[in-house]
Structures are given as C-alpha cells and as structure tokens.
Amino acid sequence: TFNKCFFTTDNIGKISSDCFKINESKKNIVFWGDSLASAIAMSLTNKYEELNIITFTGSSCTPRIYTEKYNNFDGEHCKIINNIATNFISKNKNIEVIIHSKGKFMQFDPKVRPDIKFDVLGISPRWRGHMLELNEVDYTKNKFYTSNNLKNEIFKADSEYKRYFEQFDNANYISLLDFLCQESDKQQNLECLFYVKNNNKVIPYSFDHIHMSYGMSVYIYENFLIDKIFNE
C-alpha cells in the first residue's frame with residue numbers, strides 16, 4: 001500500500017509534486033500521518049474514482065503542524081512531510097483533512113491553525129504478534145470479534161485522546177474503537193472486530209498486527225466514515 005508518495009528515510013527530496021495536486025472536479029481528501037494513514041488512503045484511492053486522495057504520510061511519522069519551534073523527534077523525513085503538509089493545507093481550504101497515526105495524537109496541536117478543521121481518526125485496534133496466527137474463528141458468522149491477544153492499553157489511550165481534542169473547536173476526534181469494538185456479554189471485557197464477511201469472502205481487519213487491510217478500509221469507509229466525516 002505504500003506508493004510513490006510515501007516518505008521514508010531513503011527518498012527524502014525524491015517525492016514528486018504530482019503527489020500533492022488538487023482536482024477541482026473531485027472531492028479532495030488529505031490523509032496526514034504514518035503508514036496506517038497510508039494504508040487506508042491507498043485502499044480508498046483504488047476503490048473510489050470520485051475521490052482525489054492526497055497523502056502526506058511517512059514511515060513512523062507523527063502528524064504535527066510545522067512551526068519554527070518544531071521539535072524533530074521522528075526523523076528528517078517526517079520534518080519534511082509535516083512542513084509540506086502544513087504549507088499545503090494552509091493554502092487549500094476546500095479539502096477534508098484527516099489525521100491518523102499509530103498514536104502520539106497529543107503532539108498534534110490544532111489551535112496553531114484555528115482556521116482549519118481537522119478530523120482525527122483515532123487509534124486503531126492492535127494485537128500482540130501476527131494477527132492471523134492468534135485466533136481460531138467461527139467462519140459461519142458474518143462478523144467475528146475477539147479479545148484474544150488484543151492490546152487493552154489502546155482503550156485507555158483512546159479515552160485520553162477524546163478528552164484532549166474536546167478542548168479544540170476545530171478538531172473532531174472520531175473513535176475507531178467505538179465502531180470496531182464492543183463489550184462481550186460472556187467475558188465482560190472489550191473485544192474488537194477481527195473479520196467481516198461479504199459475499200462469503202472473509203475480510204480480515206489486518207494482515208499483520210495493526211495496518212488495516214484493503215477490504216476493511218472499504219468496509220469502515222462505507223459503514224462509518226461516510227457519516228462521521230464525508231457527509232457532514
């Protein structure tokens with residue numbers, strides 16, 4: 001899913017300006033963040049021709065608004081992509097800006113640019129170890145949830161991020177966990193969506209431990225994000 005527009009430590013200065021172009025005939029969506037944001041963005045790019053998806057994404061990069069006091073803790077390639085993203089978003093108003101990453105959301109300070117509205121797509125479910133090796137599932141079901149090897153600390157982090165973004169008028173925190181996870185009646189704990197089935201095709205949440213699969217990105221877009229972001 002990591003295309004020519006994805007920043008790494010090896011391609012600094014080699015990203016084409018074609019990666020960052022507005023298309024006036026389409027809905028322009030900006031995904032800003034790390035490889036998790038890139039995985040979702042590329043899934044939607046391949047599926048929906050009516051969307052012009054622009055990615056400001058880099059390997060392990062925390063999305064942050066670039067200022068003169070920018071603390072470069074993620075690496076030079078992240079500093080560059082955040083600088084480009086900040087300048088681009090400042091100049092283009094008729095766009096949807098979606099922030100998404102593995103975490104560190106409290107490093108993102110929306111009040112630096114109060115004139116811009118940000119949709120923050122919250123922390124993702126994640127598992128300990130390779131996700132597809134950790135579970136025995138019931139493939140007779142159309143949806144399967146599991147708490148097996150799920151990292152429970154993500155729920156505490158999600159609550160902290162909700163509280164953090166409540167203070168900003170120009171930021172909308174959208175909890176993925178609220179949509180993807182539920183409390184188990186039998187176990188009295190939280191479990192998250194492991195797979196959905198569509199036309200008897202099994203769509204796993206991920207093929208590793210965290211990155212959303214193509215099929216799950218489309219499922220979440222059509223069943224959740226359209227209402228939470230795109231139709232507002």
Side-chain angles (χ1 to χ4, degrees), residues 1-2 6-9 30-43 55-67 70-83 85-86 89 97-113 118-131 134 146-147 149-168 170-182 189-194 205-213 216-217 220-221 224-225 228-229:
T1 59
F2 308 136
F6 185 73
F7 276 63
T8 68
T9 55
V30 169
F31 276 88
W32 184 1
D34 58 12
S35 59
L36 276 73
S38 179
I40 298 174
M42 292 305 98
S43 296
T55 59
F56 296 101
T57 54
S59 178
S60 300
C61 290
T62 301
R64 293 180 294 143
I65 297 172
Y66 185 88
T67 67
Y70 186 92
N71 177 14
N72 186 24
F73 62 77
D74 277 340
E76 187 64 24
H77 69 294
C78 298
K79 179 179 179 180
I80 292 172
I81 193 64
N82 283 331
N83 187 12
T86 299
I89 291 168
V97 183
I98 300 173
I99 306 298
H100 184 54
S101 68
K102 183 178 180 179
K104 298 182 181 178
F105 287 111
M106 285 184 281
Q107 298 291 339
F108 190 84
D109 187 1
K111 71 176 182 292
V112 176
R113 292 308 308 261
F118 300 100
D119 287 305
V120 183
L121 190 58
I123 191 170
S124 303
R126 61 194 65 168
W127 284 261
R128 291 178 174 85
H130 196 292
M131 178 183 169
L134 296 174
T146 183
S147 59
N149 285 68
L150 185 68
K151 291 190 175 183
N152 292 326
E153 55 266 30
I154 61 175
F155 300 108
K156 179 181 178 182
D158 193 53
S159 297
E160 292 174 349
Y161 295 144
K162 287 177 182 177
R163 289 193 294 270
Y164 173 73
F165 284 105
E166 283 177 353
Q167 65 184 301
F168 304 108
N170 63 323
N172 177 32
Y173 184 80
I174 300 162
S175 174
L176 274 176
L177 301 188
D178 285 351
F179 174 68
L180 292 170
C181 306
Q182 63 179 12
N189 63 3
L190 286 165
E191 55 187 15
C192 295
L193 191 64
F194 183 80
Y205 178 84
S206 177
F207 286 102
D208 53 15
H209 66 290
I210 188 171
H211 293 91
M212 202 179 296
S213 70
M216 191 61 70
S217 297
I220 290 173
Y221 171 74
F224 182 60
L225 293 184
K228 288 292 182 179
I229 297 178

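Position 1 is the first residue of the sequence, and the numbers go up from there.
- Proximity of Leu176 to Ile220: side-chain heavy atoms (C-beta onward) are separated by under 4.5 Å at one or more points.
- Inter-residue side-chain proximity for Arg64 and Thr67 is flagged as unmet; no heavy-atom pair is nearer than 4.5 Å.
- In this structure, Cys181 and Phe155 have side chains that are in contact, with non-hydrogen atoms separated by less than 4.5 Å.
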| message | Determine whether Phe6 and Met42 satisfy the following criterion, side-chain contact (heavy atoms from CB on, under 4.5 Å), listing intermediate values before the conclusion. | response | CA-CA 10 Å; Phe6 185 73; Met42 292 305 98; over 6 Å; no
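- Listed by chain and residue number, Arg128 satisfy the salt bridge (charged side-chain N to carboxylate O under 4.0 Å, His left out) test with Glu153 (two or more places apart in sequence, or in another chain).
- Every residue was checked against the side-chain hydrogen bond (donor to acceptor under 3.5 Å, both in side chains) condition with Lys102, not counting sequence neighbours, and none meets it.
- Ring-plane geometry between Phe224 and Phe179 is classed as parallel, the angle between the planes falling under 30 degrees on a 0 to 90 degree scale with a further cut at 60.
- When side chains are defined from C-beta on, Trp32 counts as touching Asn82, because their heavy atoms get closer than 4.5 Å.
- Looking at Ser38 and Thr55, their side chains never come closer than 4.5 Å, going by heavy atoms from C-beta outward.
- The side-chain heavy atoms of Tyr205 and Pro125, taken from C-beta on, include a pair separated by under 4.5 Å.
- Ile65 has its side chain out of reach of Asp109: every pair of non-hydrogen atoms, C-beta onward, lies at least 4.5 Å apart.
- Listed here is the closest heavy atom pair of Ile123 and Phe105: N-CE1, 3.6 Å.
- A distance of 13.5 Å separates OH in Tyr66 from CD1 in Ile81, rounded to the nearest 0.5 Å.
- For Thr62, the side-chain hydrogen bond (donor to acceptor under 3.5 Å, both in side chains) test picks out Asp74, with sequence neighbours left out.
- The heavy-atom pair separating Pro110 from Phe165 by the smallest distance is CG-CE2, 4.0 Å.
- In this structure, CG in Leu180 is found 8.0 Å from OG in Ser124, a value given to the nearest 0.5 Å.
- Remark: Asn149 CG to Trp127 CH2 distance equals 10.5 Å, nearest 0.5 Å.
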| field | Intermediate values then yes/no, ring pair (Phe, Tyr, Trp, His ring centres under 6.0 Å), Phe108 and Phe118 | value | CA-CA 10 Å; Phe108 190 84; Phe118 300 100; 4.9 Å; yes
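- Side-chain atoms of Asp119 never come within 3.5 Å of backbone atoms of Ile174 as a donor-acceptor pair (strictly under, hydrogens ignored).
- Taking CZ of Arg163 as the start and CG of Asp158 as the end, the distance is 10.0 Å to the nearest 0.5 Å.
- Checked by atom type, the side-chain pair Ser59/His77 shows no donor-acceptor distance below 3.5 Å.
- With rounding to the nearest 0.5 angstrom, the CG atom of Leu193 is 12.0 Å from the OG atom of Ser206.
- The minimum heavy-atom distance between Phe7 and Ile80, with the atom names listed, is CE2-CG2, 3.7 Å.
- Scanning both residues, Tyr161 and Met106, for their nearest heavy atoms gives CE2-CE, 4.0 Å.
- The closest side-chain heavy-atom distance from Val112 to Thr86 is not below 4.5 Å.
- Considering all non-hydrogen atoms of both residues, Ile40 and Met212 come closest at CD1-CE, 3.8 Å.
- Leu177 contributes atom CG, which lies 12.5 Å from atom CD of Gln182 (distance to the nearest 0.5 angstrom).
- A salt bridge links Asp178 with Lys162; the closest basic N to acidic carboxylate O contact falls under 4.0 Å.
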| Residue pair His100, Val120: steps toward the side-chain contact (heavy atoms from CB on, under 4.5 Å) verdict | CA-CA 6 Å; His100 184 54; Val120 183; over 6 Å; no
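- Closest approach of Phe31 and Ala37 over heavy atoms only: CD2-O, 4.0 Å.
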